[in-house]
Amino acid sequence: MRGGGKTNRAALVFLLPFGTLFVLFFVLPIGYAVNESLYKLKRSGLGFGTPERVFSGLANYAAVFRDGTFLSGVRRLLLFGIVQVPIMLGLALVLALILDGYAARFTRFFRLVYFLPYAVPGVIAAIVWSFLYTPEISPFGLDLLGDGVVLWSIGNIVTWTWTGFNMLVIYAALKAIPRELCEAAAMDGASPWRVAWSIKVPMVRPSLILTGVFSIIGTLQLFNEPTVLTGVTTAVSKSYTPLMWSLQVALDNNDYSLGSAIAIVLAVLAGALSFLFLRLSAWLTRRGVM
Amino acid sequence: MRASMRAQVLTTAFLFVVAVYILLPLWWLVVSATKSGGDLFDTPGLWFGELHFAGNVERVMSQDGGLYPRWLLNTLIYSGGGALGATLLAAMAGYALAKYPFRGRGAVFAVIMGAVLIPAPLITLPLYLLESRLGLLNTVWGVLLPCMVSPFGVYLARAYAEAAVPDTLLEAGRIDGAGELRIFFTVGIRLMAPALVTLFLFQFVAIWNNFFLPMMVLNDQALWPVTLGLVKWHGIRTGFLRDAVVTGALISIVPVILAFVSLQRFWKADLAAGSVKL
């Protein structure tokens with residue numbers, strides 16, 4: 001097909017509705033935030049009167065990194081990500097392998113059950129778990145909202161919500177592996193574990209990488225669950241994660257410039273981490289580790 | 001192939017334990033929604049107390065002048081309307097990118113792929129600042145329109161269109177004298193339909209999950225989705241709305257869970273992951 005003037009026009013018509021909203025609600029906000037982050041509000045004299053908006057270069061970005069709140073938030077997320085993401089993805093992988101194998105019974109039922117939390121919004125899951133964490137109400141009678149454990153209580157909510165979804169993505173990839181391949185290996189005397197580890201896992205690597213990238217990005221934007229918990233425990237402050245802090249800075253302190261700078265730093269960090277993860281898994285593959 | 005008895009028991013037992021973990025909070029929610037506020041404390045958490053479900057439903061429906069039913073309706077509007085819009089826009093854009101070799105196609109696609117890597121919550125604050133300039137704060141449109149932008153949806157729709165819509169069929173339509181729009185709505189969208197249902201479902205859940213955007217944009221309680229409303233009720237320190245929060249949470253997720261179970265065959269994770277074996 002040659003793209004004549006007529007088809008060019010048609011392509012434009014098809015792209016226009018999405019394109020308009022995309023520019024308005026995606027591109028423009030980013031541009032606006034970048035611009036905003038380069039200015040500072042300067043209060044003159046004693047701070048009375050209208051503050052003046054002056055160009056400040058990268059000063060807001062320097063302020064982000066100088067602030068202990070940001071660094072402690074990032075450190076918290078790193079710790080969270082290093083522990084929670086492997087647990088969740090490991091569990092999802094094991095479940096998918098078992099469901100795909102031929103040993104377990106009632107697999108249709110279990111698959112459905114594991115997928116149910118995906119229908120529950122993160123904040124509602126957090127509300128329900130927050131009751132289960134409150135000693136007076138909880139059937140377990142444990143205080144899971146204290147300073148030391150609350151991060152892992154949040155990790156539990158995220159794991160509960162997302163394991164099933166990740167399992168389904170991996171499971172779909174497992175289903176696409178030709179059956180004969182695994183059967184041939186079994187014929188040759190490979191144990192089911194061996195088949196799973198040496199044939200199935202390497203063949204679903206792309207879906208593991210995909211869920212890995214999703215999880216890293218998800219960790220960096222951790223917001224919903226801790227925000228809900230601020231209502232029931234003092235162990236979660238309003239600046240517990242960097243995204244929560246950006247909101248506190250922008251809305252409570254009315255500092256849109258610093259708030260924008262935090263949001264942009266986070267977006268860049270998310271992109272960089274995902275990129276790094278992709279490179280790392282490619283490198284591990286070449287070395288034959290994965 | 002048959003597995004050994006031992007393997008069957010062990011794997012099934014493991015699946016069972018995980019299922020208990022998944023179902024436990026949902027079971028607690030069902031049980032607690034039938035209890036009075038006092039019984040939440042005084043009776044064992046995982047078993048029923050005195051039946052108080054009707055009273056709880058009445059309370060949640062009438063609390064604060066009947067806000068809760070309104071929140072449910074708003075949620076339906078945001079998630080349903082937003083997902084419908086997002087799916088249609090993504091289908092059109094993806095179809096154009098797959099089927100029209102116009103100039104600059106590669107560049108347009110590259111920009112959209114770049115946007116896939118930027119998670120929506122990270123631009124919510126910038127979006128809020130922009131919307132305050134555009135006068136969209138505290139309006140239904142302030143939530144609905146941004147929800148209709150799904151770069152990942154465009155990426156998927158493009159893959160679907162490439163796999164499912166043959167060029168020859170489009171050529172045949174042209175020879176018959178049909179316009180491009182007509183060809184899309186009679187041929188293209190029909191062939192893409194199964195994948196578009198999947199796209200709609202995933203977008204529906206994404207909006208239903210998105211609590212950050214409405215929290216930023218909407219001040220007026222009457223415009224809130226149910227998630228935002230419940231979080232605000234839950235956050236009241238005295239906890240006097242506890243029974244309403246529990247019952248409200250249950251009522252809000254039951255329809256979605258039912259829809260999930262009945263639409264099971266449309267949940268194709270491989271489609272969502274970009275695979276296009278239709």
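What you are looking at is a predicted structure, and each value in this text was computed from that prediction instead of being measured. Protein chains get the first letters and strands the later ones, always in sequence-line order, with residue 1 at the start of each.
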Run the salt-bridge test on A:Arg111 and A:Asp100 with the 4.0 Å N-O cut-off and return the result as yes or no.
no
Can you say whether A:Ile127 sits under 4.5 Å from chain B via the side chain, the backbone, both, or neither, judging by heavy atoms?
both
May I ask you to name which of A:Val228, A:Val268, A:Leu132, A:Thr230 has the most heavy-atom pairs under 4.5 Å with chain B?
A:Leu132
Name the region of B:Val154, side chain, backbone, both or neither, that has any atom closer than 4.5 Å to a heavy atom of chain A.
side chain
Using heavy-atom distances under 4.5 Å, tell me whether A:Val94 contacts chain B through its side chain, its backbone, both, or neither.
side chain
Which portion of A:Ala270 sits near chain B, non-hydrogen atoms under 4.5 angstrom
side chain
Between B:Arg133 and A:Tyr32, is NZ or CZ placed under 6.0 angstrom from the six-membered ring centre and within 45° of the ring axis?
no
Tell me, for A:Leu12 versus chain B, whether the close heavy atoms (under 4.5 Å) come from the side chain, the backbone, both or neither.
neither
Select, from A:Gly122, A:Pro29, A:Gly231, the one with the greatest count of heavy-atom pairs under 4.5 Å involving chain B.
A:Pro29
Indicate the atoms forming the closest heavy-atom contact of B:Pro25 with A:Val128, along with that distance.
O-CG1, 3.6 Å
Among the listed options A:Phe131, A:Phe275, A:Phe106, the residue most often paired with chain B at heavy-atom distances under 4.5 Å:
A:Phe131
What residue in A:Val232, A:Leu266, A:Leu247 has the most heavy-atom pairs under 4.5 Å with chain B?
A:Leu247
Quick check on A:Ile170 against chain B: is it the side chain, the backbone, both or neither that has a heavy atom closer than 4.5 Å?
neither
Region of A:Ser274 that comes under 4.5 Å of a non-hydrogen atom in chain B:
neither
At a heavy-atom separation under 4.5 Å, does A:Phe110 approach chain B through its side chain, its backbone, both, or neither?
side chain
